[in-house]
Amino acid sequence: MSLSKHTDAAFQKCINPDCAAEFDRGQALFKCPECGELLDTQYNWDKIAVPKKLRNFGQRWATRDSPLDFSGVWRFRELLDFCPDEHKVTIGEGQTVLQQNCAVAQHLGMKADRLYLQYEGLNPSGSFKDNGMAAAFSHAMMVGAKSCACASTGNTSASVALYAHSCGLKCTVFVGSGRIAFGKLSQAMDYGAQTIQILGDFDDCMRQVQSVCSRLSLYLLNSLNPFRLEGQKTIMYRILEGLGWQVPDWIVVPGGNLGNSSAFGKAFLELKQLGLIERIPRLAIVNATGADTLTDLVNNKKLVWNEGKVDQAIIDDYYADLTARNFSPRTCASAIEIARPVNLKKCLRSIDVCNGVVRAVTDEEIVDAKAIIGKYGLGCEPASAATIAGLKHLLDEGIVEKDERVACVLTGHPLKDPNLTVGYHKDRQGKFSNPPVEAPNDLEEIIKLIR
Ligand SMILES: *Cc1c(COP(=O)(O)O)cnc(C)c1O
Ligand SMILES: [Zn+2]
């Protein structure tokens, strides 16, 4: 399938078709040294014993006493075969559920059995990021890294801190001052990371961490890291598995730095090329209106993948304008509070592969959707709820049909951002607020209050 000069099963390749430089899988690069573009992990599939049917991966449920078969990432290891088993890292990530949710479906006016919520809050650090870190830390071990770093809106730092201490790596995380939910900040500190709060937003942290990593040769764990995105492909494999290996009509995901959306499109493209699925689902990526670069660029500026020849001038003009206006993104969904998403071009590729759509939803829509997911589902953090808020738009517009099968990725756990949840309910901030009732310390009075 690939005409690579690399004879290894896996190698890295620049996504810029005019460059297309290739690099060994054993290098820690994160950007193409020749042209500065993003790198992909690519495979020589003929050198890999990929199962003939996706269903065959299910056999590993019988051997879950082996840590690699237990891992929700590594039990799909032939589909991300860049690292020998002895370097593979796992702390039990990916034990997630795909929950069919009739109540939320009915709330949205969908056919009741058509909505599924892929709950990634069940991961060890409480977000989907652990899928990516299992893969990225395996690569870090493979290349002999000793220290690592990341910029984070919160969950990346929690996940990096957890994996770093379990791998014995030193770790520094960069967060925007005041831009991180309390649950996440508490994890970074608790898991022993050096936490640096930069006076700035995520985009400032992202710029600084790249310079710090190249100056000090730290291993970078942001989603620029192509190996991390390989781990995030497995979220899609688990959705297929949860549907009895059938392909849904739609995948809905929040869009922040656009790592997930990039990984999901790559996952489906590869499965299709390998003949393991017959069709590719459509992808809906949901921004918050206060951080809607992707929505603006795709829907208004008509930015497209164009076989990799992306119109860079549109992006440069857009970012120059953000800088000129001193723009800083603002949304209560702090995990997607990003104005310069590093995986923009890979995400455009996914939109192309999956016939994708992009929408933006307001904070009000996000917090109301979050309350519905809490009331009828397993709960989630604000960014995750953008999926249901976005799905509502797409149903109203008739882009998603009421009887289409939809899987929404709930990216993070509800306890990540307790302040927002308490504020919403206690201070009656939204339509679905469920405030506590004050009661005197008196049995008869208390009994009168029970409804
Ligand atoms: C990181 C994160 C996102 C954003 O995902 P991207 O892959 O960066 O687009 C969304 N939700 C949660 C909970 C996150 O932690
Ligand atoms: Zn290049």
Side-chain angles (χ1 to χ4, degrees), residues 12-23 29-40 118-121 123 125-133 150-160 175 180-181 183-184 187 202-203 206 221-226 228-229 231-233 235 251-266 283 285-288 291-294 308 329 331-347 350 358 366 370 373 379-387 390 408-417 420:
Q12 305 183 67
K13 184 170 180 177
C14 175
I15 68 163
N16 171 4
D18 293 332
C19 170
E22 293 180 5
F23 306 93
L29 295 169
F30 315 122
K31 277 201 173 166
C32 176
E34 321 227 325
C35 77
E37 220 10 285
L38 296 168
L39 295 170
D40 253 342
Q118 171 65 18
Y119 183 47
E120 290 290 323
N123 275 291
S125 80
S127 85
F128 78 82
K129 298 290 196 303
D130 295 346
N131 299 291
M133 294 311 165
C150 69
S152 181
T153 61
N155 282 330
T156 300
S157 62
S159 186
V160 163
V175 298
I180 174 172
K184 306 174 188 182
Q187 286 178 291
F202 174 82
D203 300 298
M206 191 68 233
L221 286 152
N222 283 98
S223 49
L224 279 175
N225 182 324
R228 189 181 127 186
L229 295 189
Q232 290 170 214
K233 294 191 304 190
I235 302 168
I251 300 288
V252 187
V253 64
N257 228 356
L258 306 178
N260 264 340
S261 45
S262 298
F264 299 171
K266 185 171 187 282
L283 181 65
I285 305 162
V286 187
N287 281 156
D292 62 352
T293 297
L294 181 72
T331 165
C332 69
S334 53
I336 52 174
E337 195 184 57
I338 296 173
R340 293 172 175 81
V342 297
N343 291 296
L344 175 62
K345 288 187 184 170
K346 285 186 178 177
C347 175
S350 289
V358 184
I366 287 173
K370 181 178 137 15
I373 297 163
C380 64
E381 67 167 278
S384 317
T387 54
C408 294
V409 183
L410 299 186
T411 44
H413 196 283
L415 293 176
K416 291 284 190 174
D417 195 346
L420 180 130

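All figures in this text were calculated on a predicted structure; none of them were measured in a lab. Heavy-atom basis, side chains included; hydrogens, waters and symmetry copies ignored. As the structure lists them, so they are numbered: ligands from 1, and atoms in each ligand from 1.
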- Item | Euclidean distance, Gln232 CD relative to Lys266 NZ, rounded to 0.5 Å | 12.0 Å
- Pairwise distance CG(Leu410) to NZ(Lys370) - rounded to 0.5 angstrom: 11.0 Å
- Item | N or O contact, Gln232 vs ligand 1, cut-off under 3.5 Å | no
- Taking only heavy atoms of Ile336 into account, list the atoms of ligand 1 that are under 4.0 Å away from them. 4 (C), 10 (C)
- Note on the structure: Nearest heavy-atom contact between Ile366 and Cys332 is CG2-SG, 4.5 Å
- Message: Under 3.5 Å, is there a donor on one side chain and an acceptor on the other for Thr411 and Ser127?
- Response: no
- Message: Quick check against the 3.5 Å criterion: does Ser159 have a side-chain atom that pairs as donor or acceptor with the backbone of Asn155?
- Response: no
- Item | Numbered atoms of ligand 1 (with element) below 4.0 Å of Ala383, judged on heavy atoms | 11 (N)
- Query: Quick one: does Lys184 get an N or O within less than 3.5 Å of an N or O on ligand 1?
  - Reply: no
- Message: Geometry only, no angles: is Gly259 polar-contacting ligand 1 at N/O separations under 3.5 Å?
- Response: yes
- Do Gly255 and ligand 1 have an N or O pair less than 3.5 Å apart? no
- Query: Where the side chain of Glu337 meets the backbone of Thr331, is there a donor-acceptor pair that is under 3.5 Å apart?
  - Reply: yes
- Under 3.5 Å: N/O of Asn260 near N/O of ligand 1: yes
- Item | Heavy atom of the protein closest to atom 11 (N) of ligand 1 (residue, atom name, distance) | Thr411 OG1, 2.8 Å
- Ranked by distance from atom 8 (O) of ligand 1, the top protein heavy atom is Asn257 N, 2.8 Å
- Task: Say whether, by atom type as modelled, one donor and one acceptor occur between the side chain of Asp203 and the main chain of Arg340 under 3.5 angstrom.
- Result: yes
- In this structure, atom 5 (O) of ligand 1 is nearest to the protein heavy atom Phe128 CZ, 3.7 Å
- Message: Just to confirm my numbers, could you give the angle made at the Zn ion (ligand 2) by SG of Cys14 and SG of Cys35, rounded to 10°?
- Response: 100°
- Query: So Leu344 and Leu294, side chain to side chain contact (heavy atoms under 4.5 Å, CB included) or not? Walk me through it.
  - Reply: CA-CA 7 Å; Leu344 175 62; Leu294 181 72; 3.6 Å; yes
- Can you find a pair of side-chain heavy atoms, one from Asn343 and one from Leu229, that are under 4.5 Å apart? yes
- Find all atoms of ligand 1 within a distance of less than 4.0 Å from any non-hydrogen atom belonging to Glu381, and give their numbers and elements. 13 (C)
- Polar contact flag for Leu258 and ligand 1 (N/O pairs, less than 3.5 Å): yes
- Query: Below 3.5 angstrom, do we get any N/O pair linking Lys129 and ligand 1?
  - Reply: yes
- Query: Is there a donor-acceptor pair closer than 3.5 Å between any side-chain N or O of Lys346 and the backbone N or O of Leu39?
  - Reply: yes
- Item | Residue part near ligand 1, for Lys416, under 4.0 Å between non-hydrogen atoms | neither
